[in-house]
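So the structure is just underneath, and the comments pick up after that.
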Amino acid sequence: SMLDGSWVDPELNGGVWTYGQACRKWFDQKRMLKKASDDDKDLPLSLRKPYQFNWHEKFLIKYFGENTSVDEISHVDGNKFRDWMQFDTSNGKRMLSASTVNTALSNHLQLLRNAKRLGYRSSDPLPVEWVPRKRGGRDKVFTPAEEDKIHTFFLNNGFLRTADFFKFQ
């Protein structure tokens, strides 16, 4: 319909997007891309799970509110969201891992940028500070005997093309 010389989509509350609408639109686009990749069986399974976004969508909408206008959400709100996800104020312990917090922040910023690109937000969101991830503890250098043992395990279990991963000497 057209009101006062401008086109208004009736499902967009008179041309203003709520956070819930922006969130659903963004995650629906991401789900569509994941479902399209189902035809490509060479991709890892983790890239073909369109339902994996359900938790992120619900989590973001729960924090920012279903009916909050996308224009009302500021840089300060993004930083508060990061801090809220990072620490439990009742006991001061970490609530969520740095990777989970950064993924939620990334989705939040991307959906706000998408709303701006589609014309339902007046300005681009400012970047927020990412949560630093813990480093170390996962790297291990195997001794030649350990390498031989692992290589033998793979060969005995039917993995015949492992030479590229072992025997670097």
Side-chain angles (χ1 to χ4, degrees), residues 3-4 6-142 165:
L3 301 173
D4 300 331
S6 62
W7 287 98
V8 176
D9 190 338
E11 69 180 40
L12 295 177
N13 296 334
V16 176
W17 246 4
T18 65
Y19 192 82
Q21 289 167 317
C23 199
R24 273 188 287 287
K25 178 74 171 176
W26 174 248
F27 284 107
D28 284 348
Q29 288 176 357
K30 289 184 82 165
R31 283 186 197 98
M32 184 181 68
L33 291 173
K34 292 290 184 181
K35 285 181 182 178
S37 70
D38 277 345
D39 295 336
D40 189 355
K41 299 302 180 196
D42 295 333
L43 292 174
L45 184 61
S46 63
L47 294 178
R48 293 184 273 126
K49 295 189 294 188
Y51 57 84
Q52 75 187 43
F53 302 114
N54 293 350
W55 179 85
H56 295 284
E57 182 179 355
K58 291 174 188 173
F59 191 76
L60 288 167
I61 290 174
K62 182 179 177 184
Y63 181 83
F64 287 102
E66 173 77 34
N67 297 318
T68 306
S69 169
V70 290
D71 270 337
E72 292 177 23
I73 297 171
S74 69
H75 175 69
V76 173
D77 295 326
N79 286 330
K80 286 180 183 176
F81 177 55
R82 179 200 61 228
D83 295 340
W84 176 78
M85 285 189 295
Q86 201 172 358
F87 296 105
D88 182 358
T89 55
S90 64
N91 62 13
K93 293 185 179 177
R94 181 181 288 279
M95 270 180 50
L96 300 170
S97 72
S99 296
T100 303
V101 172
N102 289 337
T103 300
L105 281 173
S106 175
N107 282 318
H108 167 68
L109 292 175
Q110 289 172 357
L111 74 89
L112 290 180
R113 283 189 196 108
N114 188 49
K116 165 71 168 118
R117 184 179 59 81
L118 295 174
Y120 299 109
R121 181 176 162 87
S122 59
S123 63
D124 276 328
L126 295 172
V128 295
E129 186 178 327
W130 303 108
V131 177
R133 293 176 55 198
K134 293 180 186 176
R135 295 287 179 207
R138 291 189 181 194
D139 296 338
K140 177 166 177 32
V141 177
F142 295 110
F165 300 115

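Starting from 1, each residue takes its place in the sequence as its number. Computed from heavy atoms alone, side chains included, the values below leave out hydrogens, waters and symmetry copies.
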| query | Are His108 and Trp26 close enough, and set up right, to give a side chain to side chain contact (heavy atoms under 4.5 Å, CB included), and what steps lead you there? | reply | CA-CA 9 Å; His108 167 68; Trp26 174 248; over 6 Å; no
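- Contact check for Val131 versus Arg82: side-chain heavy atoms found under the 4.5 Å cut-off.
- You'll find the side chain of Leu60 reaches within 4.5 Å of the side chain of Phe81, heavy atoms only.
- Here Thr68 pairs with nothing under the side chain to side chain donor-acceptor pair (under 3.5 Å) rule; sequence neighbours left out.
- Closest heavy-atom contact between Ala22 and Trp17: CB-CE3, 3.9 Å.
- Taking the six-membered ring for Trp and thresholds of 30 and 60 degrees, Phe27 and His56 have nearly parallel ring planes, at less than 30 degrees apart.
- Separation of atoms CD (Gln86) and OG (Ser97) is listed at 10.5 Å; rounding is to 0.5 Å.
- A donor-acceptor contact shorter than 3.5 Å is absent between the side chain of Asn102 and the backbone of Trp130.
- For the salt bridge (Lys or Arg N to Asp or Glu O under 4.0 Å) condition, no pair includes a residue of residues 109-130, sequence neighbours left out.
- The side-chain contact (heavy atoms from CB on, under 4.5 Å) with Leu109 is formed by just one residue from the set Asn114, Leu126, Val128; it is Val128.
- Taking all atoms of both residues into account, the shortest heavy-atom contact from Asp77 to Ile73 is OD2-CA, 3.5 Å.
- Here salt bridge (Lys or Arg N to Asp or Glu O under 4.0 Å) pairs that include residues 58-71, with residues two or more places apart or in two chains, are Arg24-Glu66.
- Taking CE from Met85 and CZ from Phe59, the interatomic distance works out to 6.0 Å, rounded to the nearest 0.5 Å.
- Under the rule for a side chain to side chain donor-acceptor pair (under 3.5 Å), Thr103 has no partner lying at least two apart in sequence or in another chain.
- Looking at heavy atoms from C-beta onward, Leu112 lies in side-chain contact with Val70 at the 4.5 angstrom threshold.
- Rounding to the nearest 0.5 Å gives a distance of 4.0 Å between CG of Asn107 and NZ of Lys30.
- Side chains of Leu118 and Lys25 form a contact here, defined as non-hydrogen atoms less than 4.5 Å apart.
- In this view, Gln110 and Ser106 satisfy the side chain to side chain donor-acceptor pair (under 3.5 Å) rule, not counting sequence neighbours.
- Remark: Asp28 engages Arg31 in a salt bridge (Lys or Arg N to Asp or Glu O under 4.0 Å) (not counting sequence neighbours).
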